[in-house]
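The chains referred to below are lettered A, B, ... by the order of the sequence lines, with proteins before strands, and numbering in each begins at 1. No experiment lies behind these values; they were computed from the predicted model shown.
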Amino acid sequence: MAQVAVIGVGQSVHAPERNDVAHAELLQEAIDEALDDAGIELADIDNAVTASLDFYDGRTIANMAVAEVVGSYLKAESRVCSDAIHALTYGWSRIADGQFRLGLITAHCKESEGNLHDIENAAFDPFIERRLDADDDVVAGLYARTAFAHGAADRENAAALVAAARASASRNPKVAPLEMVDTAAVLESPVLATPLRTLDRAPRSDGSCVLVIASADTVAALDADPVWITGAAISTGRYWSDRHPLDMATLESARDEALAMAGWSSNVADVIEVSAKYSFQLQQFAAVLGADESDAGGAFNPSGGRHAGNPTVVAGLSRVAECVEQIRGRAGDRQVSRAEKAIAHGVTGLGAQAHAVVTMETAA
Amino acid sequence: MTLSEELILHQKINLPYRYTAGTVTETFLEGLTERTIRGTRCAACGHFSVPARPFCPVCSEHTSSTEDVEPLGHLESWTETPHESGSRVFALIRIADADNVALHLVDADPNTLEEGMALEPQWTPDPEAEITAIRAWRPIRET
């Protein structure tokens with residue numbers, strides 16, 4: 001299996017409403033930055049894996065709307081309709097397999113353009129569930145009540161993680177400024193779906209993220225600054241109502257597979273970037289991935305995580321981007337000391353049905 | 001990031017669908033018109049699903065034969081969400097002795113709810129082959 005490295009990272013500024021740009025323009029901001037970082041031209045890319053969701057983009061085959069900016073004419077573009085960390089594992093396997101050498105991984109989403117309740121409701125089973133008019137917040141509220149009642153998450157500590165994420169966001173130049181809050185402000189924000197409050201959900205966001213990934217021979221030929229992907233795994237769980245809220249088997253299986261590929265024990269990462277749309281999930285996932293809640297904003301989610309403001313689809317790839325910048329020592333005010341190994345996590349689906357875990361290191 | 005001269009087009013995509021229920025889901029939905037709730041037991045692993053479904057969520061076996069179940073639920077979790085009508089209470093309900101839970105609404109003051117509480121379905125006067133044939137579930141009052 002060929003070694004694969006990330007050699008370029010780019011992100012747009014993520015903000016609640018990027019009304020200044022259309023989808024392709026939003027994505028181009030990240031592409032330009034990633035290509036410049038990698039020191040290559042768009043024409044050098046031999047394949048692309050894009051991530052987007054039709055219902056958010058308001059058109060089907062939404063990847064065609066970005067075909068020009070990803071430079072996929074006469075090239076192998078493929079697309080995933082999940083969190084873009086799945087696109088990375090797909091693109092990684094293309095190069096690891098030896099068929100491709102230099103790939104673009106792209107993610108974009110504007111949560112501001114559609115009706116989020118209607119988009120989320122469309123994901124439910126049309127026969128048994130959809131007519132009841134549920135959305136992601138309903139699933140989160142049902143899961144959170146069980147998690148808090150049975151000690152898998154803690155109401156106050158979950159709120160504290162939201163406050164910590166917003167403080168971290170102030171050190172992350174790729175997210176728009178958010179109002180600073182304390183734990184009490186989270187707990188007193190309007191009801192979302194009991195026991196959750198509106199600030200327990202990651203803020204609505206528009207943004208894009210792009211990686212350039214390359215084979216080892218390409219890394220050498222380009223004299224690039226590589227961060228090596230040493231493990232990558234996806235695991236899909238059961239449908240949300242078939243899965244107990246405390247059951248973390250899906251994430252555990254993705255973690256175990258990625259760590260085994262990397263040859264790590266579970267606690268060797270210097271940085272762990274965890275993706276979760278709701279505060280209580282952040283606690284649950286952090287525990288499985290070995291992140292220490294007291295390190296929030298430090299070794300655990302130095303970027304602020306999704307609660308700093310990354311949209312769906314993009315959020316998991318933003319976790320990877322942060323890990324790459326940390327390992328390269330380019331994370332500015334949020335730099336973690338001696339960041340040589342990192343874990344990035346992404347999640348997709350109702351009630352976090354599918355998880356992906358990627359390990360990265362300074363050496364292959 | 002917000003400029004005053006931004007041009008924003010407002011459009012709506014209208015996409016009507018006709019969803020085919022398929023044999024097993026049809027048997028479940030038809031049962032509702034008779035105020036009957038049906039489940040499916042996996043012949044391979046024994047997993048019992050309510051509502052009835054065509055495939056076992058545990059072992060992926062086809063589950064084709066349905067069983068009528070007792071119209072009794074137990075409350076696993078609930079959440080109250082703001083709504084234009086005031087608020088709604090969604091719940092995860094374990095129906096009969098199912099191994100899974102089902103989403104539905106509960107008609108009760110959420111402050112009176114307890115995990116494991118027994119629930120019964122409130123049927124609409126003239127139930128149709130839709131999940132909304134059950135208006136909501138409500139706690140069974142002790143007599």
Side-chain angles (χ1 to χ4, degrees), chain A residues 12-22 26 54-55 58-60 112-115 117-118 122 124-135 137-150 176 190-196 198 206 237-245 350, chain B residues 1-13 15 17 19-22 24-26 28-29 32 47 49-53 56-58 75-83 87-93 98-105 110-111 113-115 129-134 136:
Chain A
S12 74
V13 170
H14 295 206
E17 285 188 357
R18 288 295 311 272
N19 292 343
D20 55 321
V21 285
L26 180 68
D54 288 349
F55 271 48
R59 58 186 294 173
T60 59
S112 70
E113 295 200 346
N115 179 308
H117 168 78
D118 291 350
F124 287 81
D125 167 89
F127 307 108
I128 308 296
E129 295 175 338
R130 193 182 300 161
R131 287 286 305 274
L132 301 172
D133 199 33
D135 56 23
D137 296 340
V138 168
V139 172
L142 292 167
Y143 273 33
R145 199 210 63 78
T146 302
F148 290 145
H150 294 270
V191 170
L192 182 74
T194 59
L196 299 177
T198 50
D206 294 350
R238 295 193 182 117
Y239 189 60
W240 77 276
S241 50
D242 293 324
R243 180 164 26 92
H244 194 278
L350 280 174
Chain B
M1 286 298 151
T2 304
L3 305 171
S4 57
E5 66 272 23
E6 287 151 355
L7 177 60
I8 294 173
L9 306 180
H10 291 267
Q11 296 184 12
K12 188 171 183 176
I13 299 175
L15 292 170
Y17 284 89
Y19 290 105
T20 305
V24 177
T25 302
E26 182 175 320
F28 172 78
L29 294 173
L32 296 180
H47 185 272
S49 292
V50 183
R53 62 202 296 162
C56 175
V58 175
L75 184 63
E76 290 271 329
S77 191
W78 66 93
T79 184
E80 183 182 18
T81 62
H83 189 250
S87 73
R88 297 183 296 193
V89 182
F90 288 88
L92 286 174
I93 302 165
D99 291 312
N100 67 322
V101 293
L103 175 72
H104 215 295
L105 298 163
N111 296 314
L113 297 177
E114 292 176 19
E115 196 171 315
E130 290 262 21
I131 194 63
T132 46
I134 297 171

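Inter-residue side-chain proximity for A:Glu17 and B:Glu6 is flagged as unmet; no heavy-atom pair is nearer than 4.5 Å. Considering only heavy atoms from C-beta on, B:Leu92 comes within 4.5 Å of A:Trp240 through its side chain. When side chains are defined from C-beta on, B:Ile8 does not count as touching A:Glu113, because their heavy atoms never get closer than 4.5 Å. Contact check for A:Leu132 versus B:His104: side-chain heavy atoms found under the 4.5 Å cut-off.
Counting heavy-atom neighbours within 6.0 Å of A:Phe55 CZ, excluding the residue itself, gives a total of 12 or less.
Contact record, A:Arg130 with B:Tyr19: NH1-OH, 2.8 Å, taken as the closest heavy-atom pair. Scanning all heavy atoms of the two residues, the minimum distance from A:Ala134 to B:Leu103 falls at CB-CD2, 3.8 Å. Minimum heavy-atom separation, A:Ser241 to B:Asn100: O-CB, 4.3 Å.
Remark: side-chain polar atoms of A:Thr146 are not paired, donor with acceptor, to backbone N or O of B:Ser77 under 3.5 angstrom. A donor-acceptor pair under 3.5 Å is formed between the side chain of A:Arg238 and the backbone N or O of B:Pro57.
If you measure heavy-atom distances from A:Asp133 to chain B, the contacts under 4.5 Å come from both the backbone and the side chain. For B:Ala102, no part lies near chain A; criterion is any non-hydrogen pair under 4.5 Å. Interface remark: A:Arg243 contributes no atoms to any contact with chain B (heavy atom separation under 4.5 Å). Looking at B:Phe28, the atoms closer than 4.5 Å to chain A (heavy atoms on both sides) all sit in the side chain, from C-beta outward.
Looking only at heavy-atom pairs under 4.5 Å with chain A, the residue among B:Val89, B:Thr81, B:Leu29 that has the most is B:Thr81. The candidate from B:Glu76, B:Gln11, B:Arg88 with the greatest count of non-hydrogen atom pairs under 4.5 Å with chain A is B:Arg88.
Of the inter-residue distances, the one linking B:Thr25 atom OG1 with A:Asp125 atom CG reads 7.0 Å to the nearest 0.5 angstrom. Rounding to the nearest 0.5 Å gives a distance of 12.5 Å between CD of B:Glu80 and CG of A:Leu192. For the atom pair OG1 (A:Thr60) and CD1 (B:Ile13), the distance works out to 7.5 Å, reported to the nearest 0.5 Å. The structure places CG of A:Asp137 at 8.5 Å from OG1 of B:Thr79, a figure rounded to the nearest 0.5 Å.
When only modelled atom types and interatomic distance are considered, B:Arg53 and A:Tyr239 share no side-chain donor-acceptor pair under 3.5 Å.
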